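What follows is a single structure, written as structure tokens, with notes after it.
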Amino acid sequence: MTRAGIIGATGYTGAELVRILHRHPEVELTVLTSRQHIGVRMDEIYPAFAGVADYVCEAYDPDTVCEKADIFFTALPHKLPMDIIPGLVERGKRVVDLSADFRFRDIHRYESAYQPHAAKSLAAKAVYGLSEIYRDEIKTADVTGNPGCYPTSILLPLIPLIRAGLIEPETLIADAKSGVSGAGRSPSLAVHFSEVNESFKAYKVAAHRHTPEMNEVLTREASREIRLTFVPHLIPLTRGMLSTIYAAPAGKTTAADVRACLADFYRDRPFVRICPEGRIPNTLHVRGSNFCDIGCAQDPSGRIILISAIDNLVKGASGQAVQNMNIMLGLAETAGLDGVPYPF
């Protein structure tokens, strides 16, 4: 039984990790840390855990926590993990990081979107944790940088098509919508109920920090510089993400070609479901699960339209992090993640 620890367990992604790992058949959750809730039980912070999980949060001390766990999840704000993870790796621990600190191979891209990086050499060795795409690299990684939620929903539909030469990567436009939990648990006016309810708005237009993350991966996959047009939107849901992606076809590519390519590429990937012709993904149908549903269509101009749906807290964050841990440990990829989505 592998011992796992969560550093930063009381935010939304940390709590989701607790929920998933508590029922994991091959992993024991042995340490939870928090900066604000030291000595507090998780069920006092999230009453949903009452009578189910009696974990108590503790302060982060590298020597103490490393005695208690073999692999760690860092569910912390950007910048904090780059100061913590090198010490964990030096002590022989493996890490799945849910911040942006270890997602980039090109440190200049990271620094242009975030801040100066304090662990550049380790970041250069980290693996981008898009589970279905980079599984072989993830297997041997000491540090896996868990992708952002928007990149997960957009890259999964696109990468197989780029590799197959079915679309023109220079033409990509992504219009994505996220539930409010994507903003995290810290209160702010922008996600106050009165500001979000009965509201539908674009935000961080042409300035979202997931754009350079996606551009780096798309550039690597296309073997030439790609600049995605990406516009995120906030919708009055707690959890859920729907991305609509537009691409010009390469040659005479049809929606049937796209659907066949995706079905073939993901045939052995248990968490990607390709919708049949006529069915469009819906956030309701993936809620609470690690699934990514992908559908496609073609408009009269010939443009390819891709639509994907994920739960932003599961496949978009903590579920994919556990999937990456499973790959790193050589466990069944579905371990702890094989629950059925809420049907309504």
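In what follows, residues are counted from 1 in the order of the sequence shown. Worth saying up front: this structure is predicted, and the values here are computed from it rather than measured.
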Exercise for the section: Assess whether atom CZ of R227 is packed by more than 12 heavy atoms of other residues, nucleotides or ligands within 6.0 Å. Expected result: no

Handout entry: Ring centres under 6.0 angstrom apart (H22, Y55)
Key = yes

Practice task
Under the side chain to side chain contact (heavy atoms under 4.5 Å, CB included) rule, what do L158 and I167 come out as? Steps first, then yes or no, please.
Solution key: CA-CA 9 Å; L158 287 178; I167 57 174; 3.7 Å; yes

Problem - Flag for D311-S289: side-chain donor and acceptor within less than 3.5 Å - result: no

Exercise for the section: Take the angle between the ring planes of H117 and F102 and call it parallel below 30°, perpendicular above 60°, tilted in between. Expected result: perpendicular

Exercise for the section: Could you tell me whether the side chain of L80 reaches within less than 4.5 Å of the side chain of R35, counting heavy atoms only? Expected result: yes

Problem - Rounded distance [0.5 Å steps], OG1 in T152 versus CE in M241 - result: 8.5 Å

Problem - Interatomic distance, I133 atom CD1 to L156 atom CG [nearest 0.5 angstrom] - result: 5.5 Å

Handout entry: Non-hydrogen side-chain atoms of K125 and D142 separated by less than 4.5 Å
Key = no

Practice task
Check the pair D70 / T30 against side chain to side chain contact (heavy atoms under 4.5 Å, CB included), numbers first and verdict last.
Solution key: CA-CA 10 Å; D70 310 302; T30 54; over 6 Å; no

Handout entry: Any side-chain heavy-atom pair of T144 and V95 under 4.5 Å
Key = no

Handout entry: Polar side chain donor-acceptor pair, T74 to D97, under 3.5 angstrom
Key = yes

Practice task
Verify, without hydrogens or angle tests, whether E132 (side chain) and V272 (backbone) share a donor-acceptor contact under 3.5 angstrom.
Solution key: no

Exercise for the section: Would you check if C57 and T10 make a side-chain contact, meaning some heavy-atom pair closer than 4.5 Å? Expected result: yes

Handout entry: F230 ring center near H210 ring center (under 6.0 Å)
Key = no

Practice task
Indicate yes or no: does R3 engage E26 in a salt bridge with an N to O separation below 4.0 Å.
Solution key: no

Practice task
Report, as yes or no, whether the 6.0 Å neighbourhood of atom CZ on R163 holds more than 12 heavy atoms from other residues, nucleotides or ligands.
Solution key: yes

Completion exercise
Separation between CZ (R19) and NE2 (H24), nearest 0.5 Å, reads 13.0 Å

Fill in the blank from the handout: Here the gap from L262 atom CG to I294 atom CD1, rounded to the nearest 0.5 Å, amounts to 5.5 Å

Practice task
Check whether any side-chain N or O of T211 sits under 3.5 Å from a backbone N or O of H208 as a donor-acceptor pair, and report yes or no.
Solution key: yes

Exercise for the section: Taking the six-membered ring of F265 (Phe, Tyr or Trp), confirm whether the NZ or CZ of R267 is under 6.0 Å from its centre and within 45° of its axis. Expected result: no

Problem - Reference residue M328; test side-chain contact (heavy atoms from CB on, under 4.5 Å); the match among K139, Q323, R94 - result: R94

Exercise for the section: Give, for atom CG of D175 and atom OG1 of T229, the distance between the pair rounded to the nearest 0.5 Å. Expected result: 11.5 Å

Handout entry: Audit row: S131, I327, side chain to side chain contact (heavy atoms under 4.5 Å, CB included) steps and yes/no
Key = CA-CA 8 Å; S131 305; I327 295 169; 4.0 Å; yes

Problem - Q320 backbone acceptor or donor facing N290 side chain under 3.5 Å - result: yes

Exercise for the section: Determine, stepwise, if the pair Y150 / S178 fulfils side chain to side chain contact (heavy atoms under 4.5 Å, CB included). Expected result: CA-CA 8 Å; Y150 284 122; S178 176; 3.1 Å; yes

Handout entry: Polar side-chain atom of R224 near backbone of A222 as donor-acceptor pair, under 3.5 Å
Key = yes

Practice task
Could you tell me whether a side-chain N or O of R287 sits under 3.5 Å from a main-chain N or O of R239, the two making a donor and an acceptor?
Solution key: no

Problem - Validation row: I71, K93 side chains within 4.5 angstrom (heavy atoms) - result: no

Handout entry: Within 6.0 Å of CD in E225, more than 12 heavy atoms from elsewhere
Key = yes

Problem - N326 side, atom CG; R135 side, atom CZ - distance, nearest 0.5 Å - result: 12.0 Å

Practice task
Decide yes or no for V27 and M325: does some side-chain heavy atom of the first lie under 4.5 Å from some side-chain heavy atom of the second?
Solution key: yes

Handout entry: Side-chain donor or acceptor of S153 paired with backbone N/O of I310 under 3.5 Å
Key = no

Handout entry: Validation row: L17, L98 side chains within 4.5 angstrom (heavy atoms)
Key = yes

Practice task
Output yes when a side-chain donor or acceptor of N215 lies under 3.5 Å from a complementary backbone atom of L228, and no otherwise.
Solution key: yes

Practice task
Without swapping roles, check the side chain of R91 against the backbone of G87 for a donor-acceptor pair under 3.5 Å.
Solution key: yes

Exercise for the section: Could you label the plane-to-plane angle of the Y46 and F49 rings as parallel, tilted or perpendicular, counting under 30° as parallel and over 60° as perpendicular? Expected result: perpendicular

Exercise for the section: May I ask you to check if R109 and F104 form a cation-pi contact, with NZ or CZ under 6.0 angstrom from the six-membered ring centre and within 45° of the axis? Expected result: no

Practice task
Could you verify whether a donor N or O on one side chain and an acceptor N or O on the other, from Y128 and E213, lie under 3.5 Å apart?
Solution key: yes

Exercise for the section: Spell out, as yes or no, whether a donor-acceptor pair under 3.5 Å connects the side chain of D101 to the backbone of M82. Expected result: yes

Problem - Side chain proximity check, V56 to M42, heavy atoms < 4.5 angstrom - result: no

Exercise for the section: Give a yes or no on whether the ring-centroid distance for H233 and F200 is below 6.0 angstrom. Expected result: yes

Practice task
Return yes if some donor-acceptor pair links the side-chain N/O of Q298 with the main-chain N/O of T253 below 3.5 Å, else return no.
Solution key: yes

